[in-house]
Amino acid sequence: QVQLVESGGGLVQAGESLRLSCAASGRTFSSYSMGWFRRAPGKERDFVAAISWNAGSTDYANSVKGRFTISRDNAKNTVFLQMSSLKLEDTAVYYCAAGPYSSLLKGQSEYWGQGTQVTVSS
């Protein structure tokens, strides 16, 4: 069993930056690929970014390429999502996920965090 807890969400203005964190516990963190997903109001949960267990591979949704960066610190059992140039359409609940890399790219995951709210205002 793996537990994931997100933090760092909040209210920001368009164009500003925010960094989300996800702390993992329960099993060896470094053995999992990690990802970020988000659910905007009235929409299904969408893939945002993924990173392999050794950080050798990363993938991003087209909507966030060039603006968001996923990273991980296995020594601290933590994965991050650095969000820059935030837009109104980035407003959503952001979820941390752990599972096989190929599954994350397909929008699937074995473990999920509780989510953290990010609201972008003008």
Side-chain angles (χ1 to χ4, degrees):
Q1 185 74 4
V2 173
Q3 294 81 46
L4 305 172
V5 180
E6 303 95 333
S7 62
L11 175 64
V12 298
Q13 294 188 40
E16 296 184 344
S17 299
L18 196 66
R19 188 178 78 158
L20 305 182
S21 299
C22 174
S25 63
R27 287 188 175 271
T28 303
F29 175 74
S30 61
S31 66
Y32 291 91
S33 294
M34 303 294 296
W36 288 95
F37 295 76
R38 66 186 182 186
R39 192 197 308 275
K43 297 184 178 180
E44 296 185 355
R45 185 169 56 205
D46 292 326
F47 170 80
V48 175
I51 186 168
S52 60
W53 72 272
N54 63 352
S57 299
T58 58
D59 281 272
Y60 299 90
N62 289 333
S63 59
V64 306
K65 285 182 178 178
R67 300 189 299 117
F68 289 12
T69 301
I70 188 171
S71 62
R72 66 190 298 163
D73 186 341
N74 289 346
K76 297 181 179 180
N77 296 331
T78 304
V79 62
F80 306 95
L81 185 68
Q82 178 66 47
M83 305 182 294
S84 300
S85 301
L86 283 163
K87 304 176 179 179
L88 293 177
E89 50 264 46
D90 293 321
T91 295
V93 176
Y94 284 72
Y95 298 90
C96 179
Y101 193 74
S102 59
S103 296
L104 295 173
L105 298 182
K106 298 176 182 178
Q108 303 295 318
S109 184
E110 185 173 359
Y111 300 102
W112 299 92
Q114 84 289 347
T116 186
Q117 177 71 47
V118 173
T119 302
V120 183
S121 67
S122 61

Set out, in order, the CA-CA distance, both residues' side-chain angles and the distance that settles side chain to side chain contact (heavy atoms under 4.5 Å, CB included) for Gln82 and Ser71, then state yes or no. CA-CA 8 Å; Gln82 178 66 47; Ser71 62; over 6 Å; no
Measuring only between side-chain heavy atoms, which start at C-beta, is Phe68 closer than 4.5 Å to Val48? yes
Any side-chain heavy-atom pair of Met34 and Ser109 under 4.5 Å: no
Separation of Leu88 CG from Gln13 CD (nearest 0.5 Å): 10.5 Å
Report yes if some heavy atom in the side chain of Trp36 is under 4.5 Å from a heavy atom in the side chain of Cys22; otherwise report no. yes
Does the side chain to side chain contact (heavy atoms under 4.5 Å, CB included) test come out yes or no for Leu20 and Met83, once each step is laid out? CA-CA 8 Å; Leu20 305 182; Met83 305 182 294; 3.7 Å; yes
Could you tell me whether Arg72 sits above the aromatic face of Trp53, with NZ or CZ closer than 6.0 angstrom to the six-membered ring centre and within 45 degrees of the axis? no
For Leu81 and Arg19: C-alpha separation, side-chain torsions, deciding distance, then whether side chain to side chain contact (heavy atoms under 4.5 Å, CB included) applies. CA-CA 6 Å; Leu81 185 68; Arg19 188 178 78 158; over 6 Å; no
Roughly how far apart are Ile70 CD1 and Ser57 OG, rounded to 0.5 Å? 11.5 Å
Could you report the tightest heavy-atom contact between Arg39 and Arg45, atom names first, then the distance? NH1-N, 3.7 Å
Contact summary for Gln117 and Ala92, nearest pair of heavy atoms: NE2-O, 3.4 Å
Which atom pair, heavy atoms only, marks the closest approach of Ser33 to Pro100? CB-C, 4.2 Å
If you define the side chain from C-beta out and look only at heavy atoms, does anything of Asp90 sit under 4.5 Å from Arg38? yes
Quick check: does any side chain N or O of Ser103 sit under 3.5 Å from a backbone N or O of Tyr101, one acting as donor and the other as acceptor? no
4.5 Å side-chain heavy-atom contact, Leu11 and Ser121: yes
Measure the shortest side-chain to side-chain distance between Thr116 and Tyr95 over non-hydrogen atoms and say whether it is less than 4.5 angstrom. no
On a heavy-atom basis, which atom in Leu105 and which in Ala50 lie closest, and how many Å separate them? CD2-CB, 4.2 Å
Out of curiosity, does Tyr32 fall in the hydrophobic cluster containing Phe37 (side-chain heavy atoms, cut-off under 4.5 Å, transitive links)? no
So, for Cys96 and Val79, which heavy atoms are closest and what is the spacing to 0.1 Å? SG-CG1, 3.7 Å
Enter the distance from Ile51:CD1 to Leu104:CG here, rounded to the nearest 0.5 Å. 11.0 Å
Can you check whether Ser21's main-chain N or O pairs, donor with acceptor, with Glu6's side chain at less than 3.5 Å? no
After noting the C-alpha distance and the side-chain angles of Glu89 and Thr91, does the key distance pass the side-chain hydrogen bond (donor to acceptor under 3.5 Å, both in side chains) rule? CA-CA 5 Å; Glu89 50 264 46; Thr91 295; over 6 Å; no
What closest approach, in Å, do Tyr60 and Phe47 show between heavy atoms, and which atom pair accounts for it? C-CE2, 3.9 Å
Beyond-backbone contact of Val12 with Thr119, side-chain heavy atoms, under 4.5 angstrom: no
For residues Val93 and Val118: do they belong to one hydrophobic cluster (side chain heavy atoms under 4.5 Å, members Ile, Leu, Val, Met, Phe, Trp, Tyr)? no
